[in-house]
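The structure under discussion appears below in the form of structure tokens.
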Amino acid sequence: MKKRILSVALILTVLTIPLSLCGCKSGKAEVYFLNFKPESATVYEEIAKDYEKETGIKVKVQTAAANTYEQTLKSEIAKKNAPTIFQINGPIGYGSWKNYCENLEDSKLYSYLTEKNLAIKGEDGKGVYGIPYVVEGYGIIYNEELTDKYFSLKNRNNKYTSMAEIKNFEALKSVVTDMTAKKKELGIEGVFASTSLYSGEDWRWQTHLLNVPLYYEFEQNDDYSDPTLAGLNSKELAFRYSENYRNIFDLYTNNSLTNKTLLGSKSTDDSMAEFALGKVVMVQNGNWAWSQIAKVSGNKVKKEKIKFLPIYTGISGEEEQGICIGTENYLAINSKATDSQKEESLKFLDWLFSSQKGKKYVTEKLDFITPFNTFGEDELPSDPLARETVRYMKDSSYKTVPWIFTSFPSETFKTEVGSALLDYVQGDKTYKDVENTVKSKWKSER
């Protein structure tokens, strides 16, 4: 009798093991989302809790630290409980992770995509392996309250009367250098926030800023209709707009509140705090930066006074240039996951981007500009920089600069360029050394 009781107990124990392993009250598969965006970590955790409360399905969210996503993904994907949802950064990312990307051509999420050509297709042009979930923009962010204060000065040393007249590098440089000369009158410590060159914090310069001159170079490649494809197939760089890159980088560092030799100790958080506290007038960053600015204790930047300006470098015809708009954020489903995990992962994404509750999180807390037809005109983020991005997208007088940095050959390439820029501002290398690094590292990494 004791043996029979023991046997029944053992059977019951064995039967409960699969339920406990999945981590779900319902016994269904757990979703594991490896998040790329550190600034969105707390919101995703809130979303996960709400989704589990509503559906009974547990969503584990892990967020990689800034500039460590690839490294974290490599580590996590090899584990028994690997991510079921992860992100790739475009064609390069797909090339690295294609063996783990499920075909999503028949998914609801893909059906919602307003422009199907935004998706990452297979190398043969068939299948859908990455779906963009947010469109973003970046440029030079400025505090209109401070620029208005500058233009009200009677002793201005140029002809410009508003930021609406700043349409090229010559005009931008004229205003910036005059602002620097009048720092005390404006109550600022520098025109630009610190050009953060601390290791891992230099992405705004070795990726986002470098995007501008290389876009113009690849756009002129007549063998390809798309500049990103031209970049992907470029074995070498001419770097013909190298001096234009130097123009804007030097303008940033020569008119910053931080001495050049100290930029290696500055982070993105440092520069955003400097801008938020009104110590500077401008900073290069993207629409995601509003959440960083708004949460700074003592923030002085008014929501209605934060604006975007295109990144002007002195390239011919830039008067029609807009801000840089695109994405490197593509959702992928782990093809090695179980069918149940894939199904539950897609259900979670469907809920997030089509249900009323999910969409509210997307627009009001994540502040995403999404490329899905499930969002109406009245469901745009309230984030002022997101609205600035939409303004540039809808204004046909501007020519958008697409995100072609998804064609950059590797993280190593970007890291080496960042190191060269740091050596340059510290006086250990010349700008010619930076130029040579960009060209030689592109060739060796490609």
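Treat the numbers as computed from the prediction; the structure is a model and nothing was measured.
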Practice problem: Report the C-alpha separation of Asn89 and Tyr330 in whole Å, then their side-chain angles, then the decisive distance to 0.1 Å, and conclude whether the side chain to side chain contact (heavy atoms under 4.5 Å, CB included) test is met. | Solution: CA-CA 6 Å; Asn89 67 350; Tyr330 297 83; 5.9 Å; no

Exercise. Test side chain to side chain contact (heavy atoms under 4.5 Å, CB included) on Val401 and Gln321 and set out the steps.
Key: CA-CA 7 Å; Val401 175; Gln321 179 186 307; 3.6 Å; yes

Self-check item: Evaluation steps, side chain to side chain contact (heavy atoms under 4.5 Å, CB included), between Leu34 and Tyr69
Solution: CA-CA 9 Å; Leu34 184 60; Tyr69 192 80; 3.7 Å; yes

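Residues passing the side-chain contact (heavy atoms from CB on, under 4.5 Å) test with Lys360, sequence neighbours excluded: Glu364. A search for side-chain contact (heavy atoms from CB on, under 4.5 Å) contacts involving Asp395 returns Ser397, Tyr398, not counting sequence neighbours. Residues passing the side-chain hydrogen bond (donor to acceptor under 3.5 Å, both in side chains) test with Glu201 are Thr268, sequence neighbours excluded.
Inspection of the Thr84 and Ser345 side chains reveals an N or O donor paired with an N or O acceptor under 3.5 Å. Checking Ser410 against Glu445 by side-chain atom types alone, a donor-acceptor pair falls below 3.5 Å. A donor-acceptor contact closer than 3.5 angstrom is absent between the side chains of Thr415 and Glu411. At a cut-off of 3.5 Å, with distance as the only test, no side-chain donor of Glu105 or Tyr110 sits close to an acceptor on the other residue. No side-chain donor-acceptor contact under 3.5 Å links Asn436 and Tyr431. The closest side-chain donor-acceptor pair between Glu319 and Asn168 falls under 3.5 angstrom. Looking at Glu435 and Ser242, their side chains do bring a donor and an acceptor atom within 3.5 Å of each other. With 3.5 Å as the limit, one finds a donor-acceptor pair spanning the side chains of Lys260 and Asn254. Using modelled atom types and a 3.5 Å distance limit, the side chains of Asp50 and Tyr361 yield a donor-acceptor pair. Between the side chains of Ser196 and Arg204, at least one donor N or O lies within less than 3.5 Å of an accepting N or O.
Only one option out of Phe33, Trp351, Tyr44 pairs with Tyr51 in a ring-ring contact (aromatic ring centres under 6.0 Å, His included); it is Trp351.
Scanning all heavy atoms of the two residues, the minimum distance from Pro83 to Asn334 falls at O-ND2, 2.9 Å. Across every non-hydrogen atom of Trp205 and Leu197, the tightest pair is CD1-CD2, 3.6 Å. The two residues Val212 and Cys324 make their nearest non-hydrogen contact at CG2-SG, 3.9 Å. Here the closest heavy-atom approach between residue Phe308 and residue Leu385 is recorded as CE1-O, 3.6 Å. Minimum heavy-atom separation, Asp148 to Lys305: OD2-NZ, 3.7 Å. The heavy-atom pair separating Phe218 from Ser407 by the smallest distance is CE1-OG, 4.0 Å.
Heavy-atom contacts from other residues, nucleotides or ligands closer than 6.0 Å to NZ of Lys303 number more than 12. More than 12 non-hydrogen atoms from other residues, nucleotides or ligands lie less than 6.0 angstrom from NZ of Lys414. Other residues, nucleotides and ligands place no more than 12 heavy atoms under 6.0 Å from the CD atom of Glu170. A 6.0 Å sphere centred on CD of Glu304 holds more than 12 heavy atoms belonging to other residues, nucleotides or ligands. Environment of OH in Tyr198: sparse, with no more than 12 heavy atoms of neighbouring residues, nucleotides or ligands closer than 6.0 Å. Applying the 6.0 Å contact sphere to CG of Asp222 captures no more than 12 heavy atoms from other residues, nucleotides or ligands.
Rounding to the nearest 0.5 angstrom, the gap separating the CG atom in Asn255 from the CE atom in Met282 is 9.5 Å. With rounding to the nearest 0.5 Å, the separation of CG in Asn233 from CG in Asp223 is 9.5 Å. To the nearest 0.5 Å, the span separating OH on Tyr215 from OG1 on Thr400 amounts to 8.5 Å. Summarising the geometry, atom OG1 belonging to Thr68 is positioned 12.0 Å from atom NZ belonging to Lys74; distances are rounded to the nearest 0.5 Å. With values rounded to the nearest 0.5 angstrom, Leu257 atom CG is found 12.5 Å from Phe192 atom CZ. Of the inter-residue distances, the one linking Phe353 atom CZ with Leu109 atom CG reads 6.5 Å to the nearest 0.5 angstrom.
Side-chain atoms of Asn157 never come within 3.5 Å of backbone atoms of Asp178 as a donor-acceptor pair (strictly under, hydrogens ignored).
Using a 4.0 Å cut-off between charged nitrogen and carboxylate oxygen, Lys359 and Glu379 count as a salt-bridge pair. The pair Lys342-Glu102 meets the salt-bridge criterion, since a charged nitrogen lies less than 4.0 angstrom from a carboxylate oxygen. With respect to Glu388 and Arg391, a salt bridge is recorded, a charged nitrogen being found less than 4.0 Å from a carboxylate O.
Annotation: side chain to side chain donor-acceptor pair (under 3.5 Å) contacts involving residues 276-296, sequence neighbours excluded, comprise Tyr252-Gln284, Asn285-Trp288. The salt bridge (Lys or Arg N to Asp or Glu O under 4.0 Å) pairs that include a residue from residues 108-126 are Lys98-Glu123, Lys108-Asp350, where partners are two or more places apart or lie in different chains.
You'll find the side chain of Asn143 reaches within 4.5 Å of the side chain of Phe275, heavy atoms only.
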Please report, to 0.1 Å, the donor-acceptor pairs under 3.5 Å made by any side chain of residues 127-140, with sequence neighbours excluded.
residue: Tyr133; atom: OH; partner: Gln87; partner atom: NE2; Å: 2.7
residue: Glu136; atom: OE1; partner: Asn329; partner atom: ND2; Å: 3.2
residue: Glu136; atom: OE2; partner: Lys37; partner atom: NZ; Å: 2.7
residue: Tyr138; atom: OH; partner: His208; partner atom: O; Å: 2.7

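Taking the ring centre of Phe413 as origin, the terminal cationic atom of Lys441 falls outside the region bounded by 6.0 Å and 45° from the ring axis.
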